[in-house]
Trainee: 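Could you have a look at this structure, given as structure tokens, before my questions?
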Amino acid sequence: MFSCYGQLPARSGLLLLLGSMLVIGCSGGADAPPPHQALPVTVIAAQPQSVPRVLEVMAQTEGAKETEVRARVGGLLMRQFYQEGDRVKAGQPLFLIDRASYENAYAEAKARADQTARERERFRKLLDINGISRKEYDDTVSADEMAQAAFRQATLNLSWTNVTAPVDGITGRAEKSVGNLISVGMDSLLTVIHQNDPIWVRFSLSESDAARLPDGRLTPEAITGVELILPDGSLYGQPGKLNFLASSIDTLLGTQQLRAEFPNPDGRLLPGQFVRARLTAGMYEGVYLVPQVAILQTAQGDLVMLADAEDKIAPRPVKLGEWAGKDWIVMGGLNTGDRIIVDNIIKLRPGNPVAPHPPQAPQAPGQGGGQPPGQASKPQAGQ
């Protein structure tokens, strides 16, 4: 069989004549090309929905309270009562500083306070019978008050030799070892207690993020929910709440600082972890969810391909919001009932006919595993 564009032998006049007739017949058919075959495509109907307005930003955990435990009196560190990393309760003993000198100071101050108290009582009785002057009695009262104050200070100093936990939490590394000489001041830090239940999560929003919020402003009322996405991608089971919003913009970074609080009863979250904070800020009303594979992002703008009333391909410009799972939030450009093509995207040409069908329900394992005879499998979305 001859091809319309095949070469004919130059030496044979008969063959040349026959070839010319064939070319004439082929060129006559070029004016009326055969119609395009309708391409099977999957379509979904556009339906307006209410979708949560969600922002996701990088965040980092920190202890709700990171309390320094410092020595309030100096001396040799005699004992350590806890293991580093232990969970402790407020008031639980942590360290013991040598008490000997403070016990002596306590005994001396107590004796002095008892003496001045007796003298004050005796002088009061003498004043009642005019046995002493008023000045002598006032001097005795002043001496007693100073002695009592010295006794209270000696009592405090003695009690401070027993260093206790100021809050509940998890102890950090001990900064001093038993036998070290502790001095009051910059060298007085003994350890740090991290309070991890609740735990705080610190993050920030840029001005462009804030512009996506209701009224384009970041206010405590705008954030209606806070969730946490862990490093493995899973969602933390406890919802949080916003507990801090900076009142100014960081001039260096152009961001506004926020902090959220999450329950952490099992200690799953540790200070310093990098996580993602998911903020819910109201709802988008009357928007459309379109699979990401159905969106064409071109230099002229974002498009979807529709199957029109004549089952032909019709491109439609759309306005995109942000992602919602595996879908784009389409803010504008679609109408209720539009049939959006979600597969065979790279084969679509505007105006070409298509054979649209709704999405097929996934088959259960072991059911309908094979294709009908002579029927090829349909391309999947994005292929």
Trainee: Can Met331 be reached from Val290 by stepping across I, L, V, M, F, W or Y side chains whose heavy atoms are under 4.5 Å apart?
Mentor: no
Trainee: Assess, by modelled atom type and distance only, whether the side chains of Asp86 and Thr171 contain a donor and an acceptor separated by less than 3.5 Å.
Mentor: no
Trainee: Examine distances only and state if a side-chain atom of Asp250 and a backbone atom of Leu252 form a donor-acceptor pair shorter than 3.5 Å.
Mentor: yes
Trainee: Who passes salt bridge (charged side-chain N to carboxylate O under 4.0 Å, His left out) against Asp187, sequence neighbours left out?
Mentor: Lys176
Trainee: Hey, is CE on Met58 packed in by over 12 heavy atoms from elsewhere, all under 6.0 Å?
Mentor: yes
Trainee: Assess the side chains of Asn104 and Glu108: does a donor N or O sit below 3.5 Å from an acceptor N or O?
Mentor: no
Trainee: Rounded to the nearest 0.5 Å, how far does CZ of Arg259 lie from CH2 of Trp200?
Mentor: 4.0 Å
Trainee: Under 4.5 Å between any side-chain heavy atoms of Tyr284 and Ile329, yes or no?
Mentor: yes
Trainee: Looking at side-chain heavy atoms only, is the closest gap between Gln80 and Leu190 below 4.5 Å?
Mentor: no
Trainee: Tell me every residue that passes side-chain hydrogen bond (donor to acceptor under 3.5 Å, both in side chains) with Ser50, counting only those two or more places apart in sequence or in another chain.
Mentor: Glu285
Trainee: Check this for me: Arg124, atom CZ, are more than 12 non-hydrogen atoms of other residues, nucleotides or ligands nearer than 6.0 Å?
Mentor: yes
Trainee: Is it true that Val57 and Leu245 fall in one hydrophobic cluster, defined by side-chain heavy atoms closer than 4.5 Å?
Mentor: yes
Trainee: Are Val141 and Phe123 in one and the same hydrophobic cluster, where Ile, Leu, Val, Met, Phe, Trp and Tyr link if side-chain heavy atoms are under 4.5 Å apart?
Mentor: yes
Trainee: Do Thr140 and Arg120 get their side chains close enough for a donor-acceptor pair, meaning under 3.5 Å?
Mentor: no
Trainee: Decide side-chain contact (heavy atoms from CB on, under 4.5 Å) for Ile341 and Leu348; before the verdict, give the C-alpha distance in whole Å, the side-chain angles of both, and the deciding distance to 0.1 Å.
Mentor: CA-CA 9 Å; Ile341 302 174; Leu348 303 179; 3.7 Å; yes
Trainee: Side-chain heavy atoms under 4.5 angstrom apart, residues restricted to Ile, Leu, Val, Met, Phe, Trp, Tyr: same cluster for Ile193 and Leu269?
Mentor: no
Trainee: Decide, yes or no, whether a salt bridge links Lys319 with Asp302 under the criterion of side-chain N to carboxylate O below 4.0 Å.
Mentor: no
Trainee: To the nearest 0.5 Å, how far apart are CG in Asp311 and CG in Leu39?
Mentor: 12.0 Å
Trainee: If hydrophobic clusters are built by linking Ile, Leu, Val, Met, Phe, Trp and Tyr wherever their side-chain heavy atoms come under 4.5 Å apart, do Val69 and Val88 end up in the same one?
Mentor: yes
Trainee: Which residue pairs pass the ring-ring contact (aromatic ring centres under 6.0 Å, His included) test when at least one of the two sits in residues 72-99, sequence neighbours left out?
Mentor: Tyr82-Phe95
Trainee: Applying ring-ring contact (aromatic ring centres under 6.0 Å, His included), which residue pairs with at least one partner in residues 127-152 are found, sequence neighbours left out?
Mentor: Tyr106-Phe151
Trainee: Using 4.0 Å as the upper bound for N to carboxylate O, is an ion pair formed by Glu175 and Arg173?
Mentor: yes
Trainee: Tell me, please, which residues at least two apart from Glu56 pass side-chain hydrogen bond (donor to acceptor under 3.5 Å, both in side chains).
Mentor: Arg276, Arg278
Trainee: Between Val330 and Val287, is there a side-chain heavy-atom distance shorter than 4.5 Å?
Mentor: no
Trainee: Applying side-chain hydrogen bond (donor to acceptor under 3.5 Å, both in side chains), name anything that partners Ser159, two or more places apart in sequence or on another chain.
Mentor: none
